[in-house]
Amino acid sequence: MAQQAGSTALQVVEEDDEDGVAVSGALNQYIETLTYIERLHRLILDVIKDEFERLNVIDVNSVQALLLYNIGDNEVTAGELKSRGYYQGSNVSYNLKKLVEAGYISHERCSVDRRAVRISLTEKGRDLRVIVSELWARHIDRVLEDDMLGGGDLPRLGDFLKRLERFWSDQIRYIY
């Protein structure tokens, strides 16, 4: 039996994997897609690291740069960054501490809830965010110039990834 997904047919043919377990062609394609997502995440961190090395920015790592980028012009708490799904608890706390120490982020206690700390970018943090923004702008220029993505490919890819994120979030929240 074959399933249609967009214009690509996924074959649901049983095969044996290296352990002799029967898996479908669709499962193999899903696992391959997961591998690409994982690999792409590591690669984008390497791309940012490479850009910072070229610019001799050595006091911020690529994860911290993405954190600064995602904060943007907002004033947020660490909890809000976690709830948006950007970071895990200990990861965001450690990186925020390092960014405060390096002068990229300012922080102050929330007037309503004294336990919460509101964070925002300093001028130095906004400058670093501009570097990442310019990197993304150069990327999209190249992607469009090289015709890497056809007309509606980028929006369709984004829609697919949003649906996949929603599916995975549901798997965490609900047991069926």
Side-chain angles (χ1 to χ4, degrees), residues 31-169 172:
I31 292 169
E32 184 177 342
T33 300
L34 297 178
T35 302
Y36 280 123
I37 291 169
E38 180 184 9
R39 210 178 295 158
L40 287 170
H41 173 70
R42 286 193 306 266
L43 273 172
I44 197 60
L45 293 176
D46 286 344
V47 166
I48 294 168
K49 178 180 177 277
D50 186 59
E51 178 74 2
F52 281 14
E53 286 174 355
R54 267 196 293 276
L55 297 172
N56 202 28
V57 177
I58 58 173
D59 59 341
V60 174
N61 66 38
S62 51
V63 170
Q64 293 164 346
L66 277 178
L67 182 58
L68 291 171
Y69 182 82
N70 288 324
I71 292 170
D73 293 329
N74 301 310
E75 185 178 274
V76 296
T77 65
E80 289 169 336
L81 290 170
K82 288 186 325 189
S83 68
R84 291 180 190 174
Y86 293 137
Y87 306 95
Q88 299 298 319
S90 60
N91 186 13
V92 76
S93 298
Y94 169 81
N95 284 308
L96 288 174
K97 179 182 176 212
K98 291 296 186 186
L99 290 167
V100 167
E101 290 170 359
Y104 290 100
I105 289 181
S106 64
H107 63 99
E108 63 181 62
R109 294 252 172 238
C110 181
S111 60
V112 176
D113 181 356
R114 300 300 295 164
R115 296 170 298 172
V117 176
R118 307 286 303 164
I119 57 171
S120 59
L121 302 185
T122 63
E123 188 67 32
K124 188 176 174 182
R126 286 190 291 278
D127 290 345
L128 202 85
R129 187 177 192 275
V130 168
I131 292 171
V132 177
S133 295
E134 289 172 348
L135 177 63
W136 297 159
R138 284 196 317 273
H139 284 184
I140 195 60
D141 287 347
R142 286 287 307 275
V143 165
L144 295 174
E145 180 182 299
D146 295 347
D147 201 25
M148 189 182 308
L149 296 171
D153 286 346
L154 194 56
R156 280 195 302 277
L157 177 60
D159 289 343
F160 165 72
L161 292 171
K162 286 175 195 169
R163 288 193 313 272
L164 188 58
E165 178 186 30
R166 197 169 24 247
F167 172 74
W168 287 345
S169 294
I172 295 166

Checklist entry - Which heavy-atom pair separates Asn61 from Val63 by the least distance, and what is that distance? => result OD1-N, 3.0 Å

Item to check | Heavy-atom closest contact (Arg126 atom, Leu121 atom, distance) | outcome: NH1-O, 2.8 Å

Next on the checklist: Do Arg138 and Leu135 have side chains that approach each other closer than 4.5 Å (heavy atoms only, starting at C-beta)?
Outcome noted: yes

Checklist entry - Are Ile71 and Leu96 side-chain neighbours, meaning at least one heavy-atom pair lies under 4.5 Å? => result yes

Checklist outcome for this item: Value for NE2 (His139) from CE (Met148), rounded to nearest 0.5 Å, stands at 9.5 Å

Item to check | Side chain to side chain, Leu99 and Ile119, heavy atoms closer than 4.5 Å | outcome: no

Item to check | Minimum side-chain heavy-atom gap Leu55-Ile131 below 4.5 Å | outcome: yes

Checklist entry - Quick one: does Trp136's side chain get under 4.5 Å of Ile44's, heavy atoms only? => result yes

Checklist entry - Lys124 and Gly103: which non-hydrogen atoms are nearest, and at how many Å? => result CB-O, 3.6 Å

Checklist entry - What's the spacing between Lys97 NZ and Ile105 CD1 if we round to 0.5 Å? => result 13.5 Å

Next on the checklist: Is the shortest side-chain heavy-atom distance between Asp59 and Phe52 below 4.5 Å?
Outcome noted: no

Next on the checklist: How close do Thr122 and Ser106 get, counting heavy atoms only, and between which atoms?
Outcome noted: CG2-N, 3.6 Å

Item to check | Shortest non-hydrogen separation from Lys49 to Ser62 and the atoms involved | outcome: N-CB, 4.0 Å

Next on the checklist: Evaluate Arg54 against Asp50 for salt bridge (Lys or Arg N to Asp or Glu O under 4.0 Å), listing each step before the verdict.
Outcome noted: CA-CA 6 Å; Arg54 267 196 293 276; Asp50 186 59; 2.5 Å; yes

Item to check | Ile58 atom CD1, over 12 foreign heavy atoms within 6.0 Å | outcome: no

Checklist entry - Rounded to the nearest 0.5 Å, what separation is found between the CG atom of Leu34 and the CH2 atom of Trp168? => result 5.0 Å

Next on the checklist: On a heavy-atom basis, which atom in Glu80 and which in Thr77 lie closest, and how many Å separate them?
Outcome noted: OE1-N, 2.8 Å

Next on the checklist: Can you tell me how far apart CD1 (Ile48) and CG (Leu43) are? Round to the nearest 0.5 Å.
Outcome noted: 11.5 Å

Item to check | Side-chain heavy-atom pair Ile37, Leu164 within 4.5 angstrom cut-off | outcome: yes

Checklist entry - So, are Glu38 and Arg42 salt-bridged, with charged N and O less than 4.0 Å apart? => result yes

Checklist entry - Is it true that Glu165 and Lys162 have a side-chain N and a carboxylate O under 4.0 angstrom from each other? => result no

Next on the checklist: Counting only heavy atoms not in Asp146 (residues, nucleotides, ligands), do more than 12 fall under 6.0 Å from its CG?
Outcome noted: yes

Checklist entry - At what distance, to the nearest 0.5 angstrom, does OH of Tyr69 lie from CG of Leu128? => result 12.5 Å

